[in-house]
Enquirer: 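Submitted below is the structure of interest, expressed as structure tokens.
Letters A, B, ... are given to chains in the order of the sequence lines, protein chains preceding strands, and every chain is numbered from 1. Given the structure is predicted, the values throughout are model-derived calculations rather than measurements.
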2 protein chains.
Amino acid sequence: MINSEKFSVAKNPTLEDAATIIGKVLVNKKTLIIVGNFRVKYDGRASSNLEYGERILIVKSDGAILIHRSFGYEPVNWQPPGSILHVQKKSNILEISAIRRNPRETLKVSFDKIFMISTFSLDDFADFNLFASEKDMHKAILLKPSLIEQGFKPISYEKKVDPGFIDVYGVDKNGKLVVIEVKRRIAGKDAVLQLAKYVTAIKSKSDRDIRGILVAPNISKGIQTLLFSLDLEFIALDPKKCANLLKKPEDKKLELFF
Amino acid sequence: MINSEKFSVAKNPTLEDAATIIGKVLVNKKTLIIVGNFRVKYDGRASSNLEYGERILIVKSDGAILIHRSFGYEPVNWQPPGSILHVQKKSNILEISAIRRNPRETLKVSFDKIFMISTFSLDDFADFNLFASEKDMHKAILLKPSLIEQGFKPISYEKKVDPGFIDVYGVDKNGKLVVIEVKRRIAGKDAVLQLAKYVTAIKSKSDRDIRGILVAPNISKGIQTLLFSLDLEFIALDPKKCANLLKKPEDKKLELFF
DNA sequence: ACATACATCTCGCGA
DNA sequence: TCGCGAGGTGTATGT
């Protein structure tokens with residue numbers, strides 16, 4: 001089969017040849033990399049214009065489209081997976097457009113020169129594993145509640161309350177209710193307000209004393225005073241440390257929980 | 001000059017040849033695209049592991065690194081611009097590592113097969129123009145305050161108050177103070193609470209009546225009641241409409257403001 | 001360097 | 001489908 005080849009690369013193809021190659025790729029769900037001179041117009045939630053320049057266009061097998069300049073982490077324009085593509089050869093211009101629904105957004109790429117067009121059938125079935133996420137911190141706290149303080153006992157996890165979900169909910173050694181908001185980064189103003197929101201929500205439904213604890217690797221500078229004024233507490237916890245704790249083979253019983 | 005060529009492409013290079021090519025690229029600040037079979041290890045704020053699979057690696061001329069699988073909008077691993085790269089040929093493995101400082105993070109890519117390696121000198125000096133940002137909405141309101149309501153007069157822009165910055169601050173036709181929070185998307189609970197925070201901050205420093213107005217294309221479903229209970233108002237404003245308003249050649253005096 | 005807020009944020013989860 | 005919150009968020013803009 002012609003299309004079973006692992007990859008193909010064409011240097012300085014004509015725009016007609018490129019159009020043919022792209023047409024086949026769209027049918028065969030391959031991944032496409034084009035480098036050339038083109039401009040980009042986007043219209044949707046916002047709109048943008050980028051005049052001609054030499055850039056990289058990637059079309060993935062799931063319909064995701066990325067346009068990258070020679071600098072910067074972020075794509076300058078894009079379309080998410082599931083977008084519908086069309087290719088069209090106009091006079092001296094090769095036009096690729098991608099449409100997304102909900103929200104309706106259109107992306108139009110106009111090439112006047114293609115340096116390289118390459119197509120690939122990429123086999124990639126590996127799992128991606130990330131450690132030290134906020135969820136790892138949740139797990140670590142449930143596994144070893146003393147990370148919070150001696151005598152802390154978790155009651156529920158991701159408890160639903162009026163304004164949202166409480167990360168961890170429990171009681172301290174004195175029987176006081178404890179609401180915990182966990183952040184994997186240095187916690188700022190928003191985190192404090194989020195915690196305050198949950199604490200007031202619980203308070204409005206109970207007469208018991210409530211402690212609100214912000215758990216994060218650190219808090220930003222001006223926040224300590226805000227914390228005190230809202231009668232909230234801070235406990236330092238490092239996400240990497242939590243991840244290492246979970247890697248230990250002992251106490252795998254936690255798996256049952258998730 | 002050997003290195004003055006626009007681009008180069010090699011198919012199925014040996015890992016030694018690839019290492020040579022990459023070494024030159026790092027010196028010449030070109031943009032590099034490699035497609036091959038590799039694994040990725042990351043360690044920094046978090047850590048991750050991705051076993052061998054066929055993927056795309058891009059190294060930009062500013063040191064940004066992107067690793068893309070054949071699906072999804074986001075890179076599975078990356079390093080931001082300014083990262084320091086090293087390339088090393090081990091037995092049957094080509095290793096590219098990238099280090100970032102502050103935070104210190106390391107990325108290690110190990111190739112056992114390269115399908116294609118290509119290098120490019122991309123000329124791209126075009127301006128990227130985006131319309132319908134939140135800032136465009138701010139500008140439109142200052143240009144045409146009646147977008148809020150008849151008789152509204154803006155006083156200040158991005159006014160600093162205790163908990164942060166007020167987007168737009170002014171007085172209505174009755175002389176009441178008006179605090180405006182602008183969102184370019186459908187506004188949710190967080191936007192309402194943010195506005196409430198500013199209003200209470202202003203109230204605590206003045207005895208005058210304060211109106212808090214949330215300006216956005218729409219508000220999420222359950223929010224109307226919350227708004228009323230906090231005595232706040234909502235005014236619909238579409239970011240695209242604001243952008244079109246700014247495109248009109250008339251009233252360019254606003255430029256002076258920014 | 002640190003803190004704050006925006007983003008065409010994207011993505012996943014739950015109702 | 002909508003709403004909400006996490007993210008190795010990144011990026012710009014202050015201080």
Side-chain angles (χ1 to χ4, degrees), chain A residues 40 42-48 64-67 72-83 100-107 128 130-138 158 160 163-167 181-191 194 197-198 218-223 239-240 243, chain B residues 40 42-48 64 66-67 72-81 100-107 128 130-138 158 160 163-167 181-191 193-194 218-223 239-240 243:
Chain A
V40 189
Y42 152 74
D43 190 62
R45 288 165 292 180
S47 62
S48 73
I65 297 151
L66 304 169
I67 294 162
Y73 161 83
E74 294 178 320
V76 62
N77 282 109
W78 71 90
Q79 206 65 291
S83 302
R100 164 192 197 178
R101 285 155 168 78
N102 202 290
R104 177 169 176 87
E105 303 198 285
T106 60
L107 184 70
F128 176 70
L130 181 75
F131 308 100
S133 63
E134 187 184 308
K135 197 149 201 169
D136 280 353
M137 296 177 75
H138 295 174
E158 302 217 330
K160 176 113 182 66
F165 287 86
I166 292 174
D167 286 341
E181 175 64 29
V182 179
K183 291 290 169 204
R184 71 169 308 288
R185 311 202 279 179
I186 295 169
K189 209 162 290 182
D190 52 346
Q194 198 175 339
K197 188 178 66 174
Y198 292 137
N218 212 336
I219 50 175
S220 59
K221 194 153 36 70
I223 295 301
K240 302 286 291 279
Chain B
V40 189
Y42 152 75
D43 190 62
R45 289 165 293 179
S47 62
S48 73
L66 304 168
I67 294 163
Y73 161 83
E74 294 178 320
V76 62
N77 281 111
W78 71 91
Q79 207 65 290
R100 163 193 198 178
R101 283 148 168 82
N102 203 291
R104 177 170 175 86
E105 303 198 284
T106 60
L107 183 70
F128 176 70
L130 181 76
F131 308 100
S133 62
E134 188 184 305
K135 196 150 202 169
D136 280 353
M137 296 177 74
H138 296 175
E158 302 217 328
K160 177 116 183 63
F165 287 86
I166 291 174
D167 286 341
E181 174 65 29
V182 180
K183 292 290 167 201
R184 71 169 309 287
R185 308 202 284 175
I186 296 169
K189 209 162 289 183
D190 51 347
L193 294 174
Q194 198 175 338
N218 211 337
I219 49 175
S220 59
K221 196 153 34 74
I223 295 301
K240 303 286 293 279

Enquirer: So which atom in B:Ala243 and which in B:Ala132 form the shortest heavy-atom distance, rounded to 0.1 Å?
Expert: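 Between these two residues, the closest heavy atoms are CB-N, 3.6 Å.
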Enquirer: Assess the residue pair A:Asp167 and A:Met137 against the criterion (side-chain contact (heavy atoms from CB on, under 4.5 Å)); give the C-alpha distance rounded to whole Å, side-chain angles, the decisive distance to 0.1 Å, and a yes or no.
Expert: CA-CA 10 Å; A:Asp167 286 341; A:Met137 296 177 75; over 6 Å; no
Enquirer: Please report, rounded to the nearest Å, how far the P atom of C:dA1 is from the CZ atom of B:Arg101.
Expert: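 These atoms are roughly 12 Å apart.
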Enquirer: Please identify each residue that fulfils salt bridge (Lys or Arg N to Asp or Glu O under 4.0 Å) with A:Asp43, with sequence neighbours left out.
Expert: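 A:Asp43 satisfies salt bridge (Lys or Arg N to Asp or Glu O under 4.0 Å) with B:Lys240 once adjacent residues are dropped.
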Enquirer: Using atom names, set out every protein N or O paired with an N or O of nucleotides 5-7 of chain C below 3.5 Å, distance rounded to 0.1 Å.
Expert:
unit_1 : atom_1 : unit_2   : atom_2 : d
C:dA5  : OP1    : B:Tyr198 : OH     : 3.4
C:dC6  : OP1    : B:Lys183 : NZ     : 3.1
C:dC6  : OP2    : B:Lys183 : NZ     : 3.3
C:dA7  : OP1    : B:Glu134 : N      : 2.9

Enquirer: How far does CG of B:Asp190 sit from NZ of B:Lys183, to the nearest 0.5 angstrom?
Expert: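 Here the interatomic distance stands at 6.5 Å.
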Enquirer: What's the spacing between A:Asn102 CG and A:Arg104 CZ if we round to 0.5 Å?
Expert: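 The CZ atom of A:Arg104 is 11.5 Å from CG of A:Asn102, to the nearest 0.5 Å.
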Enquirer: Among all residues two or more places apart in sequence or in another chain, which pass the salt bridge (Lys or Arg N to Asp or Glu O under 4.0 Å) test with A:Lys197?
Expert: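 Result, salt bridge (Lys or Arg N to Asp or Glu O under 4.0 Å) vs A:Lys197: none returned.
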Enquirer: A:Asn102 or B:Ser48: which one's nearest nucleotide on DNA chain D is closer to the 5' end?
Expert: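 It is A:Asn102, whose closest nucleotide lies nearer the 5' terminus.
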Enquirer: Without placing hydrogens or testing angles, list every side-chain donor-acceptor pair under 3.5 Å for residues 74-83 of chain A, not counting sequence neighbours.
Expert:
unit_1  : atom_1 : unit_2   : atom_2 : d
A:Asn77 : ND2    : A:Ser48  : OG     : 3.1
A:Gln79 : NE2    : A:Ala98  : O      : 3.1
A:Gln79 : NE2    : A:Glu105 : O      : 3.3
A:Ser83 : OG     : A:Pro80  : O      : 2.7

Enquirer: B:Gly44 near the nucleic acid: base, sugar-phosphate alone, or nothing, with a heavy-atom cut-off under 4.0 Å?
Expert: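 Counting heavy atoms under 4.0 Å across all strands, no contact is made by B:Gly44.
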Enquirer: Closer to the 5' end of DNA chain C via nearest nucleotide, is it A:Leu107 or A:Pro81?
Expert: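 Nearest-nucleotide comparison on DNA chain C picks A:Leu107.
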Enquirer: Considering all heavy atoms of both residues, which atom of A:Leu130 and which atom of B:Ala46 are nearest to each other, and what is their separation?
Expert: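 Closest heavy-atom pair between A:Leu130 and B:Ala46: CD1-CB, 4.1 Å.
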Enquirer: Any base atoms under 4.0 Å from B:Asn77, or only sugar-phosphate, or nothing? Heavy atoms, all strands.
Expert: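 The answer is base, as B:Asn77 lies within the cut-off (heavy atoms under 4.0 Å) of a base atom.
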Enquirer: Which part of the nucleic acid, if any, lies within contact of A:Tyr42, taking any heavy atom under 4.0 Å across all strands shown: a base, the sugar-phosphate backbone alone, or nothing?
Expert: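 Contact class for A:Tyr42: base.
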Enquirer: Could you grab the distance from atom CD1 of B:Ile67 to atom OH of B:Tyr42, nearest 0.5 Å is fine?
Expert: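 One finds 12.0 Å between CD1 of B:Ile67 and OH of B:Tyr42.
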Enquirer: Please report the distance, rounded to the nearest Å, between CD1 in A:Ile186 and C1' in C:dC2.
Expert: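 Rounded to whole Å, this separation is 8 Å.
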Enquirer: Using atom types as modelled and distance alone, determine if a side-chain donor or acceptor of B:Arg45 lies under 3.5 Å from a backbone N or O of A:Arg184.
Expert: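 It does not hold such a pair.
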Enquirer: Under 4.0 Å from a heavy atom of chain B: give me the 5'-most and 3'-most nucleotides of DNA chain D that qualify.
Expert: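 So the contact region on DNA chain D extends D:dG3 to D:dG10.
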Enquirer: Do B:Leu66 and A:Leu66 come within less than 4.5 Å of each other through their side chains, counting heavy atoms only?
Expert: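 Not in contact.
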Enquirer: Using Watson-Crick or G-U wobble pairs with both distances under 3.5 Å, give me DNA chain C in dot-bracket, 5' to 3', with [ ] for crossers and | for pairs to another strand.
Expert: |||||||.|||||||
Enquirer: Taking all non-hydrogen atoms of both residues into account, name the closest pair between B:Gly188 and B:Ser220 and its distance.
Expert: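 Minimum heavy-atom contact is CA-OG, 3.5 Å.
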Enquirer: If I pick the P atom on C:dT4 and the same atom on C:dT8, what distance separates them, to the nearest angstrom?
Expert: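 To the nearest whole Å, 23 Å.
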Enquirer: Can you check the A:Ile223 CD1 to C:dA3 C1' distance for me, whole Å?
Expert: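 Checked: the CD1 to C1' distance equals 9 Å.
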Enquirer: Please give, in whole Å, the distance from C:dT8 C1' to A:Ile65 CD1?
Expert: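 Roughly 14 Å, once rounded to whole Å.
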Enquirer: Taking any heavy-atom pair under 4.0 Å as a contact, classify B:Val76: base, sugar-phosphate, or nothing.
Expert: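 Contact class for B:Val76: none.
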Enquirer: What interatomic distance, in whole Å, is found between P of D:dG8 and the corresponding atom of D:dC4?
Expert: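 Here D:dC4 and D:dG8 have their P atoms 23 Å from each other.
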